[in-house]
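Notes follow the structure.
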Amino acid sequence: MTTRHLYLARHGAADAFGNLTDIGRRQAGLLGERLAGLPVDAVWHSPLPRAAASAHELARHLQNAPVAEAAELIDHVPYVPQAAETPPSWAGFFDGYDDAEAASGQKLAEALVARFAKSPDTTATGTGRDTHEVLVTHAYQIAWLVRHALDAPPSRWLGLNSANAALTVIDYRTGLPPTLVMFNDMSHLPADLRWTGFPDGMRP
């Protein structure tokens, strides 16, 4: 049985303009070192500069893995919950999202799942080997893929936070539900580089 291994990572720390900082580069490089021993087939990244720079930084540690942009990985709100689904701590966050914007975000989220959240396409490659892909994206997109893997209600993406350069791994096999292997793991980062980008009140 072949497996599609998805290694999901939030981009490294960025400045107020959305550009990768020196800390973010260090984080991405350390993530690349962690992934260096894997037979990575491809590194996909969001169109945004902080994700693209992180992808190229970590790919320096991989052996000939191609790096390419994937529009589905763009930062966006994947699902705008109804009032009854919204936790009190998120009250007001979605004010100003109109129906068109919410529908656009949900369409992007569906495209993300359709492209990446599935087992390997052996008919296209003609082989039965496992595939290994790194997705450098944003916290909300990781939360959405985790929620999907767990078959949780749409609103459960809320509160599934990822720190900068943290690693989440999901495996996909034909005929089986997805397997969440790890979530928000930062063991490749030293203590002073962990938890950046994470809500202050939720840090351990």
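Numbers for residues simply follow the sequence, beginning at 1.
A donor atom on one side chain and an acceptor atom on the other are not found under 3.5 Å apart for Arg173 and Ser119.
Residues passing the side-chain hydrogen bond (donor to acceptor under 3.5 Å, both in side chains) test with Glu72, sequence neighbours excluded: Arg115. By the salt bridge (charged side-chain N to carboxylate O under 4.0 Å, His left out) test, Asp130 pairs with no residue at all, sequence neighbours left out. Judged as a side-chain hydrogen bond (donor to acceptor under 3.5 Å, both in side chains), and not counting sequence neighbours, His61 has no contacts. Shown here are the side-chain hydrogen bond (donor to acceptor under 3.5 Å, both in side chains) partners of Asp98, two or more places apart in sequence or in another chain: there are none. Scored by the salt bridge (charged side-chain N to carboxylate O under 4.0 Å, His left out) test, Asp22 finds Arg25 as partners (sequence neighbours excluded). Under the side chain to side chain contact (heavy atoms under 4.5 Å, CB included) criterion, Asp15 pairs with Phe17, Asn19, Thr21, sequence neighbours left out. Partners of Thr196 by side-chain hydrogen bond (donor to acceptor under 3.5 Å, both in side chains), not counting sequence neighbours, listed by chain and number: Gln27, Asn164.
Grouping the Ile, Leu, Val, Met, Phe, Trp and Tyr side chains by contacts below 4.5 angstrom, directly or via other members, places Ile23 apart from Leu31. Connection of Leu158 to Leu160 is established within a shared hydrophobic cluster, with ILVMFWY side chains joined at heavy-atom distances below 4.5 Å, either directly or through further cluster members. By the criterion of side-chain heavy atoms lying less than 4.5 angstrom apart, applied directly or through intervening Ile, Leu, Val, Met, Phe, Trp or Tyr residues, Val67 is grouped together with Leu167 in one hydrophobic cluster.
Not a single donor-acceptor pair under 3.5 Å links the side chain of Glu110 to the backbone N or O of Lys107.
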Only distances under 3.5 Å count here; give the side-chain donor-acceptor pairs of residues 35-50 to other protein atoms, sequence neighbours excluded, each with its distance to 0.1 Å.
residue : atom : partner : partner atom : Å
Asp41   : OD1  : Arg129  : NH1          : 3.1
Asp41   : OD1  : Arg129  : NH2          : 2.9
Asp41   : OD2  : His132  : N            : 2.7
Trp44   : NE1  : Glu133  : OE1          : 3.1
Ser46   : OG   : Leu48   : N            : 3.1
Ser46   : OG   : His138  : NE2          : 2.8
Arg50   : NE   : His11   : NE2          : 3.1
Arg50   : NH2  : Asp75   : OD2          : 3.3

Identify all side-chain donor-acceptor contacts of residues 142-151 below 3.5 Å with residues at least two apart in sequence or on another chain.
residue : atom : partner : partner atom : Å
Arg147  : NH1  : Ala152  : O            : 2.5

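If you chain together ILVMFWY residues whose side-chain heavy atoms come under 4.5 Å of each other, Leu176 ends up grouped with Met1.
Across all non-hydrogen atoms, the minimal contact from Leu62 to Gly32 is CD2-O, 3.9 Å. Ser54 and Ala28 get closest at one heavy-atom pair: O-CB, 3.7 Å.
Looking at heavy atoms from C-beta onward, Val181 lies out of side-chain contact with Ile170 at the 4.5 angstrom threshold. Using a 4.5 Å cut-off on side-chain heavy atoms (C-beta onward), Leu135 and Leu73 make contact. Counting heavy atoms from C-beta outward, His5 and Thr131 have side chains that stay 4.5 Å or more apart. Residues Asn184 and Asn161 are not in side-chain contact: their nearest non-hydrogen atoms beyond the backbone lie 4.5 Å or more apart. Leu193 is listed as a side-chain neighbour of Leu30, based on a closest heavy-atom distance under 4.5 Å. Considering only heavy atoms from C-beta on, Val169 stays 4.5 Å or farther from Leu8 through its side chain.
Taken to the nearest 0.5 Å, the CG atom of Leu20 stands 12.5 Å off from the CZ atom of Arg26. Of the inter-residue distances, the one linking Ser104 atom OG with Tyr97 atom OH reads 11.0 Å to the nearest 0.5 angstrom. Considering OG of Ser162 and CZ of Arg10, their distance stands at 7.5 Å, rounded to 0.5 Å. To the nearest 0.5 Å, atom NE2 of residue His76 and atom CD of residue Glu101 are 11.0 Å apart.
Sorted by first then second residue, the ring pair (Phe, Tyr, Trp, His ring centres under 6.0 Å) pairs that include residues 160-193, not counting sequence neighbours, number zero. The salt bridge (Lys or Arg N to Asp or Glu O under 4.0 Å) contacts involving residues 190-202 comprise Asp200-Arg203, where partners must be two or more places apart or lie in separate chains.
Using a 30° and 60° split on the angle between ring planes, Phe93 and Trp90 fall in the perpendicular class, above 60°. Using the six-membered ring where Trp is involved, Trp195 and Phe198 have ring planes that are perpendicular, over 60° apart on the 30 and 60° scheme.
The aromatic ring centres of Trp157 and Tyr79 sit 6.0 Å or more apart.
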